[in-house]
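Residues take their numbers from the sequence shown, with the count starting at 1. Just follow the structure's listing: the first ligand is 1, and inside any ligand the first atom is 1.
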Amino acid sequence: MKTSIFDSIVFGPIQSRRLGVSLGINLLPADGKLCSFDCIYCECGLNEERRTKSRMPVRSDVKKALEQKLVALKEEGITPDVITFAGNGEPTLHPDFGGIIDDTMEVRNRLCPAARIAVLSNSTTLHKPEVFAVLNKVDDNIMKLDSVSDSRIRQLNAPVSPSFTFDNLLRQLTAFNGNVIIQTMFLKGECRGENVGNTTEEEITGWLEALRQIRPKQVMIYTIDRNTPVEGLLKVSPAEMESIAGRARDLGFRVSVSG
Ligand code: SF4
């Protein structure tokens, strides 16, 4: 199925299912995808199909593009709710991620002080103290947790690093001391002849236990909404999504459902 990539540093604003009016920032190359996961549901496509030839944008260009866009939006009377680091892969892979966040905070404070700064991350770089510290200071650090099972994580997210494990991930997410938002993609179906659904009772019970330990300030659950690079993946029904959300709400978590 056809997937898509972003061909500019700043994109949108778009009406995001989860975030409101979101002005996106893509720190990855504009001609492909660069990610430390290779999720079977990735809207950008699979890593192998989206090899990049160009480089990541430099810090000064990111700042300039954001300034220009916010000035233009101001003239149109548009104020984004959130400036969101997302795009063609994992934003924390950018070597100047920390400096870019500092620039973004300065530009936001000057041109668009009501907007929040969000980072959609796949949680693979939390072992780097400098990345952890930067994520801990943005308004919304939205971290991926799709399964509590290493084998399911390998099916769904296909981490590039063989050393990525759920136990390490749980320890790293818990280290935010609650200053974190958890994002989880729930889906059903098959991939390469294997069942890949992560809504079994065992999965949900484990996921709720992980939330209990992480104590996130918010939980975002969503299901497939756009094209996926592999066939056979299915949406989870609204009723089942609400049922999962209800169980997390019963534990006291603030949960949003989309998709
Ligand atoms: S973490 Fe995000 S960008 Fe990376 S493969 Fe998964 S869905 Fe795609």
Q) Which of the atoms in ligand 1, numbered in the order shown and given with their element, are less than 4.0 Å from a heavy-atom of Lys144? A) 1 (S)
Q: Would you check if there is a donor-acceptor pair between the side chains of Thr200 and Glu202 at a distance under 3.5 Å?
A: no
Q: Please list all pairs passing the side chain to side chain donor-acceptor pair (under 3.5 Å) test where one or both residues lie in residues 70-84, with sequence neighbours left out.
A: Ser22-Thr84
Q: May I ask you to decide whether Asp102 forms a salt bridge with Arg59, counting only side-chain N to carboxylate O separations under 4.0 Å?
A: no
Q) Between the side chains of Asp150 and Thr165, does any donor sit under 3.5 Å from an acceptor? A) no
Q) Among pairs that include at least one residue of residues 248-258, which meet side chain to side chain donor-acceptor pair (under 3.5 Å), considering only residues two or more places apart or in two chains? A) Gln218-Arg254, Glu242-Arg249
Q) Residues in side chain to side chain contact (heavy atoms under 4.5 Å, CB included) with Glu194, at least two apart? A) Gln155
Q) Hey, which protein N/O/S atoms does atom 8 (Fe) of ligand 1 have under 2.8 Å? A) Cys42 SG
